[in-house]
Amino acid sequence: MNIVICNDYQHMSAIAAQVFINCLQANTQAVLGLATGSTPVGVYQQLIESYKAGEISFAEVTSFNLDEYIGLHRDHPQSYYYFMHQELLNHINIEGQRVFIPSGIEENYGAYCQWYEDQISQAGGIDLQILGIGSDGHIAFNEPGTALGSRTHITELDHQTIDDNARFFEAKADVPRRAITMGVATIMEAREIILLATGENKARAIRDALEGPVSSQCTASALQQHSNVTFYLDSAAASLLQQK
Ligand code: PGA
């Protein structure tokens, strides 16, 4: 595992964006794993700039998002579909048919979750996956207690996640209680993974992920068993690490 402690959010976003830029320059048909949340927004801004400067193209790129709230339509401002289009996809030349974001409004999730897994396989697997981390140690919506062998599935959100995400909704009661998420095992199949975290409220999750036991109580700890993963942290998020 590589751990990079960055000066601040801007610095972290710039060096993480460079990993994407290098990937896209080496492989114009790259398959990207994308994440929502406030953490990756700076990376997406840098990618838009790099695209506008003509340094990278998304014309042949495929993307897969990690997760989506159950019950929100794609035009709901808090849906992850809406978020990804606002923050990145509307500003680059990616083809709509190569953008995969789990749907929050399916009737038959058993079949749909398998379909989503199949799409990832048929695209050849994910080359580069970006992750945030929840204050409860989740990656995507793999909440504490989720099997490390899990594939794409429906999950109940943890109280901690509902509290953390309430800031995006008018009231806590509006936060959906369920989500569809790639599983831990799905994420672990990405060929390269970068995880970004800033701020003191991520320090405990980062310590548990990097220095705790590999445990379903902190699903990010599964990344200890991945052969090509880099954590980009600011000093606050790294503050509880014993080995820096
Ligand atoms: P955040 O969310 O980037 O908004 O802190 C991270 C996550 O829950 O994975």
Side-chain angles (χ1 to χ4, degrees), residues 6 8-13 16-17 20 32-47 64-70 72 77-84 86-88 101-102 104 126 129-146 150 152-153 155-169 172 174-184 186-188 190 193-210 216-223 226 229-240:
C6 309
D8 54 27
Y9 181 75
Q10 281 305 325
H11 180 222
M12 179 188 76
S13 301
F20 273 91
L32 303 179
L34 301 177
T36 53
S38 43
T39 309
V41 169
V43 172
Y44 297 154
Q45 284 168 357
Q46 301 265 346
L47 292 181
F64 288 93
N65 262 81
L66 290 168
D67 46 17
E68 178 61 285
Y69 291 117
I70 298 293
L72 297 195
Q78 296 312 330
S79 77
Y80 287 169
Y81 183 95
Y82 190 95
F83 175 97
M84 283 312 301
Q86 288 285 115
E87 299 296 337
L88 178 66
I101 300 174
I126 292 171
Q129 174 71 57
I130 186 170
L131 298 174
I133 186 170
S135 63
D136 63 0
H138 69 213
I139 48 174
F141 274 136
N142 292 292
E143 300 287 30
T146 306
S150 55
T152 301
H153 65 283
T155 185
E156 302 278 329
L157 298 185
D158 207 64
H159 289 298
Q160 183 68 55
T161 300
I162 292 169
D163 286 350
D164 288 349
N165 290 6
R167 71 190 193 278
F168 299 114
F169 291 81
K172 187 170 149 183
D174 297 337
V175 183
R177 271 24 187 185
R178 295 194 308 150
I180 174 171
T181 181
M182 273 189 211
V184 180
T186 319
I187 294 169
M188 288 289 284
I193 298 179
I194 62 175
L195 184 147
L196 277 57
T198 58
E200 212 177 333
N201 70 324
K202 300 291 174 69
R204 195 172 55 86
I206 287 295
R207 182 196 61 198
D208 292 350
L210 287 168
S216 63
Q217 292 310 309
C218 171
T219 54
S221 67
L223 298 171
H226 194 280
V229 58
T230 305
F231 282 63
Y232 295 94
L233 311 171
D234 71 357
S235 53
S239 59
L240 295 179

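Along the sequence shown, the residues carry numbers beginning at 1. In each ligand, atom 1 is the first atom listed, and ligand 1 is the first ligand listed. As the structure is a computational prediction, the values presented were derived from the model and not from experiment.
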Stepwise side chain to side chain donor-acceptor pair (under 3.5 Å) test for Thr161 and Asp136: CA-CA 7 Å; Thr161 300; Asp136 63 0; 3.2 Å; yes
Option nearest atom 3 (O) of ligand 1 (shortest heavy-atom distance, choices Thr198, Thr39, Thr161): Thr39
Thr36, any N or O under 3.5 Å of ligand 1 N or O: no
Residue part near ligand 1, for Asp164, under 4.0 Å between non-hydrogen atoms: neither
Gly132 neighbourhood, listing ligand 1 atoms whose heavy-atom distance to it stays under 4.0 Å: 9 (O)
Donor-acceptor under 3.5 Å (Gln160 side chain, Ser135 main chain): no
For atom 5 (O) of ligand 1, the protein heavy atom that lies nearest, with its residue and separation: Lys202 NZ, 2.7 Å
Where ligand 1 meets Arg167 - atom numbers and elements under 4.0 angstrom, heavy-atom basis: 4 (O)
Sub-4.5 Å side-chain heavy-atom contact between Ser150 and Val184: yes
Backbone of Asp234 reached by a side-chain donor or acceptor of Asp8 within 3.5 Å: no
Parallel, tilted or perpendicular: ring planes of Phe141 versus Tyr80, cut at 30 and 60 degrees: parallel
Donor-acceptor contact below 3.5 Å, side chain Tyr232 vs main chain Thr198: no
Side chain, backbone, both or neither: Gln160 near ligand 1, heavy atoms under 4.0 Å: neither
Heavy atoms of other groups near Arg204 CZ, more than 12 under 6.0 Å: no
For atom 8 (O) of ligand 1, closest protein heavy-atom neighbour: His138 NE2, 2.7 Å
Ligand 1 atoms in contact with Gly37 (distance to a heavy atom under 4.0 Å): 3 (O), 4 (O)
Residue and atom name of the nearest protein heavy atom (relative to atom 6 (C) of ligand 1), distance in Å to one decimal: Ile133 O, 3.5 Å
